[in-house]
Amino acid sequence: MNGYKIVLLKAILCFIGCRKVNGYAPEYVQCILLSIVIIGQIKLHQQNRYLSQLEGKYLETEKIKDLFQKIIGNFYTFEGQFEQNYSGKDENGNNSNLSGLINNEQTVLIFKYKSTDCSLCIEKVYEQIQNTPLNIKILFISDFQNFTSMKYIKEKYNLKNVMFLRIEDMPNTTITPCVYLIDKDLKITHFLSIATNDIILPSYLKQINLSTKIITN
């Protein structure tokens with residue numbers, strides 16, 4: 001039974017139990033007034049809780065709206081653009097560049113990040129790639145990973161079919177961390193900024209498999 005119904009029942013019982021003294025029943029009046037106050041407080045609490053729920057849903061909706069606006073904006077900003085041919089060191093410490101690592105691969109998934117990026121976001125990407133293996137090569141581009149850390153990352157997350165390229169200077173205009181597809185001509189497609197979008201990364205990786213017409217086991 002709802003709380004306010006219980007209070008109302010108590011008020012009724014109080015009324016029945018009251019005795020008229022000198023033409024009025026003070027106990028009855030006190031019970032009724034107390035019941036009205038308590039019921040009003042209960043109703044106010046219920047309304048405040050309902051308004052709080054509505055506010056939470058509104059804020060969550062606005063957050064999702066803002067998220068997808070950024071996703072769509074970044075997608076169309078980079079879709080069809082050409083990546084610069086970064087030069088740096090591969091995981092074995094050899095001089096290399098982006099085009100050399102891609103070689104004749106039709107499509108490669110790029111994961112690009114820099115030293116100032118959210119470390120938790122980067123860790124989540126490694127975990128998602130571990131949980132959703134791709135049958136296309138993955139190239140990690142960063143401005144701070146060294147030979148030792150590259151080897152450690154591969155072993156820790158059991159990453160297969162991956163490559164690393166450490167560059168000296170990441171352009172300030174680059175949005176990181178991010179993932180995107182790139183072809184042998186260094187053309188960018190399927191760009192996704194993952195600084196705050198890691199929640200959709202699993203779906204993104206599955207879509208990458210569909211887009212490249214590869215089905216994972």
Looking only at heavy atoms, which two atoms of [X] and [Y] are closest? And how far apart?
X	Y	answer
Leu181	His190	CD1-ND1, 3.7 Å
Asn161	Lys137	OD1-CG, 3.3 Å
Ile141	Met170	O-CE, 4.2 Å
Asn92	Lys151	OD1-NZ, 3.6 Å
Thr132	Lys206	CG2-CG, 4.4 Å

Checklist line | Ring geometry between Tyr113 and Phe140 (parallel below 30°, tilted from 30 to 60°, perpendicular above 60°) | finding: perpendicular

Notebook entry, point to check: Using the ring of each side chain (for Trp, its six-membered ring), is Phe191 parallel, tilted or perpendicular to Tyr180, with breaks at 30° and 60°?
Noted result: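 Plane angle under 30°, so parallel.
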
Would the distance check show the side chain of [X] and the main-chain N or O of [Y] forming a donor-acceptor pair, the cut-off being under 3.5 Å?
X	Y	result
Asn85	Ser99	yes
Asp117	Lys114	yes
Asp185	Lys187	no
Asp143	Ser115	yes
Asn94	Asp90	no

To the nearest 0.5 Å, tell me how far [X] [atom1] sits from [Y] [atom2].
X	Y	atom1	atom2	value
Thr189	Asp183	OG1	CG	7.0 Å
Ser142	Ile167	OG	CD1	7.5 Å
Met150	Leu165	CE	CG	7.0 Å
Ile129	Ile153	CD1	CD1	10.5 Å
Glu83	Ile188	CD	CD1	4.5 Å
Thr107	Ile136	OG1	CD1	6.5 Å

Next item on the list: Please report the C-alpha distance between Ile122 and Phe111 in whole Å, then the side-chain angles of each, then the deciding distance to 0.1 Å, and finally whether the side chain to side chain contact (heavy atoms under 4.5 Å, CB included) criterion is met.
Entry: CA-CA 9 Å; Ile122 296 172; Phe111 170 36; 4.0 Å; yes

Checklist line | Residues Ile175, Phe78; criterion side chain to side chain contact (heavy atoms under 4.5 Å, CB included); working and verdict | finding: CA-CA 10 Å; Ile175 297 177; Phe78 293 95; 3.6 Å; yes

Check: Do Leu139 and Leu98 have side chains that get closer than 4.5 Å, going by heavy atoms?
Finding: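 In short, these two side chains touch, coming nearer than 4.5 Å.
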
Check: Any side-chain heavy-atom pair from Leu109 and Tyr204 closer than 4.5 angstrom?
Finding: yes

Next item on the list: Would you list the pairs meeting salt bridge (charged side-chain N to carboxylate O under 4.0 Å, His left out) in which at least one residue belongs to residues 152-164, sequence neighbours left out?
Entry: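 Output for this query lists Glu91-Lys154, Glu123-Lys156.
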
Margin query: Assess, by modelled atom type and distance only, whether the side chains of Asn95 and Lys89 contain a donor and an acceptor separated by less than 3.5 Å.
Written below: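 Result is yes, a qualifying pair exists.
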
Check: Given the rule in the side chain to side chain contact (heavy atoms under 4.5 Å, CB included) test, do Ile138 and Val179 qualify, once you have shown the distances and angles that lead to the verdict?
Finding: CA-CA 10 Å; Ile138 305 171; Val179 291; over 6 Å; no

